[in-house]
J.: 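Got a structure here, written out as structure tokens. Questions coming.
Order of appearance sets the numbers: ligands from 1, and atoms from 1 within every ligand. Positions are given from 1, in the same order as the sequence printed here.
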Amino acid sequence: MIFSRIVGTGGYVPGAPVSNNDLVARGIDTSDDWIVERTGIRARYIAEKDVRTSTLAAEAARRALDAAGIAATDIDLVVLASTTPDMVFPSTACLVQNELGIPPGATAFDVQAVCSGFVYALTVADKFIRSGSHKRALVIGAETLSRIVDWKDRSTCVLFGDGAGAVVLAADDKAGILSSALHADGSQHQILNTTGQIAGGEIVGSPFLRMDGQAVFKQAVKVLGDVGQEVLDLAGLSLDELDWLIPHQANIRIMQSVAKRLKIPAERMVVTVDMHGNTSAASVPLALDVAVRDGRIRPGQLVMLQGVGGGFTWGAVLARV
Ligand code: ACO
């Protein structure tokens with residue numbers, strides 16, 4: 001049997017951290033106390049105007065390739081999750097392929113599942129590899145969310161940040177990815193969206209992210225609890241065997257509620273929302289990379305990755321790293 005295994009991780013955030021007090025200094029009517037108490041966020045990174053999502057993605061991918069000891073020329077699949085692509089087309093995955101020198105003829109495409117994007121992309125890449133059609137994939141979550149945030153809307157602009165995370169996924173005869181589950185409920189599309197589109201040379205609809213924060217909060221806690229149990233059941237494993245939970249880093253209160261629902265002690269949850277804010281599709285691979293590099297996640301451990309976001313979409317992947 002062919003399985004897929006994560007053999008390297010990488011992460012990249014642009015420039016210097018922007019603290020909550022920096023936002024206050026920039027004229028946003030908020031406070032460090034409000035943001036920390038409601039969200040757990042202390043800082044985020046904001047890309048300069050000339051930095052694109054593909055730039056962040058390529059840097060995270062380079063670091064993942066280095067960690068894996070695999071050359072870009074050996075990659076035959078690029079799956080990139082983003083809600084803030086460089087352009088309408090071509091896909092950001094193709095731009096990263098070109099930037100890294102991944103050979104022409106590889107497969108490269110974007111996945112759009114908003115903050116669930118990385119778990120969607122990882123699951124898709126896992127299925128490609130298990131089918132035998134591809135051997136080494138780069139799976140990337142990358143965002144410049146700051147570009148679609150309305151900096152006049154304090155209820156959303158303080159939440160988000162820019163960044164990218166990546167993994168190299170390779171074919172292996174031992175199972176790395178043990179189970180995954182992806183779900184969507186399009187009837188909830190209105191609770192979190194950016195409705196703008198380009199038509200007739202103009203942006204039609206809003207170019208900014210809009211959110212019903214309380215509806216998103218309630219949905220996220222419920223679906224992440226359910227999908228966490230679902231991937232454990234699919235793999236025939238119990239919660240006691242789980243070493244690390246890496247939920248989407250949206251808000252510490254959502255994350256703590258999910259851990260409580262799943263009865264996972266707080267010390268087994270990886271938290272980076274405090275330093276990165278919500279980086280949408282980048283949040284899970286960035287958190288994974290931080291915990292791998294600081295030595296918390298060790299080879300052989302069992303890790304659950306969880307995504308949730310606009311669509312409404314959600315999913316989880318259970319992996320032995
Ligand atoms: N600073 C200071 N005050 C603020 C701010 C701010 N940045 N934003 C809102 N407020 C005020 C509001 O104006 C309101 O004041 P009022 O009572 O005088 O009218 C008060 O705070 C409460 O506002 P609410 O919107 O009701 O605040 P709530 O307690 O719901 O917290 C929050 C808002 C943090 C967004 C919360 O709803 C939440 O965590 N939702 C989850 C959504 C989330 O994390 N989304 C991330 C993206 S989605 C995803 O990744 C899945």
J.: Show me, by chain and number, every protein residue that has a heavy-atom distance under 4.0 Å to ligand 1.
T.: D29, T30, W34, R38, T39, C115, R154, S155, V158, F160, L192, M211, G213, Q214, V216, F217, H248, A250, N251, I254, N278, V308, G309

J.: Between E143 and T84, is any side-chain donor less than 3.5 angstrom from a side-chain acceptor?
T.: yes

J.: Regarding N193 and T195, is there a side-chain donor-to-acceptor distance under 3.5 Å anywhere?
T.: no

J.: Using only heavy-atom distances, determine whether the side chains of T107 and H134 contain a donor-acceptor pair under 3.5 Å.
T.: yes

J.: Hey, can you pull the donor-acceptor pairs under 3.5 Å for the side chains in residues 222-239, sequence neighbours left out?
T.:
unit_1, atom_1, unit_2, atom_2, d
K222, NZ, D226, OD2, 2.7
D226, OD1, R261, NH2, 3.1
Q229, NE2, D233, OD1, 3.0
E230, OE1, H183, NE2, 2.7
E230, OE2, H183, NE2, 3.3
S238, OG, E241, OE2, 3.2

J.: Using the side chain to side chain contact (heavy atoms under 4.5 Å, CB included) definition, which of the options T279, T39, I41 pairs with V273?
T.: I41

J.: I'd like to know if D243 pairs up with R298 as an ion pair, taking the criterion as any Lys NZ or Arg NE/NH1/NH2 lying under 4.0 Å from an Asp or Glu carboxylate oxygen.
T.: no

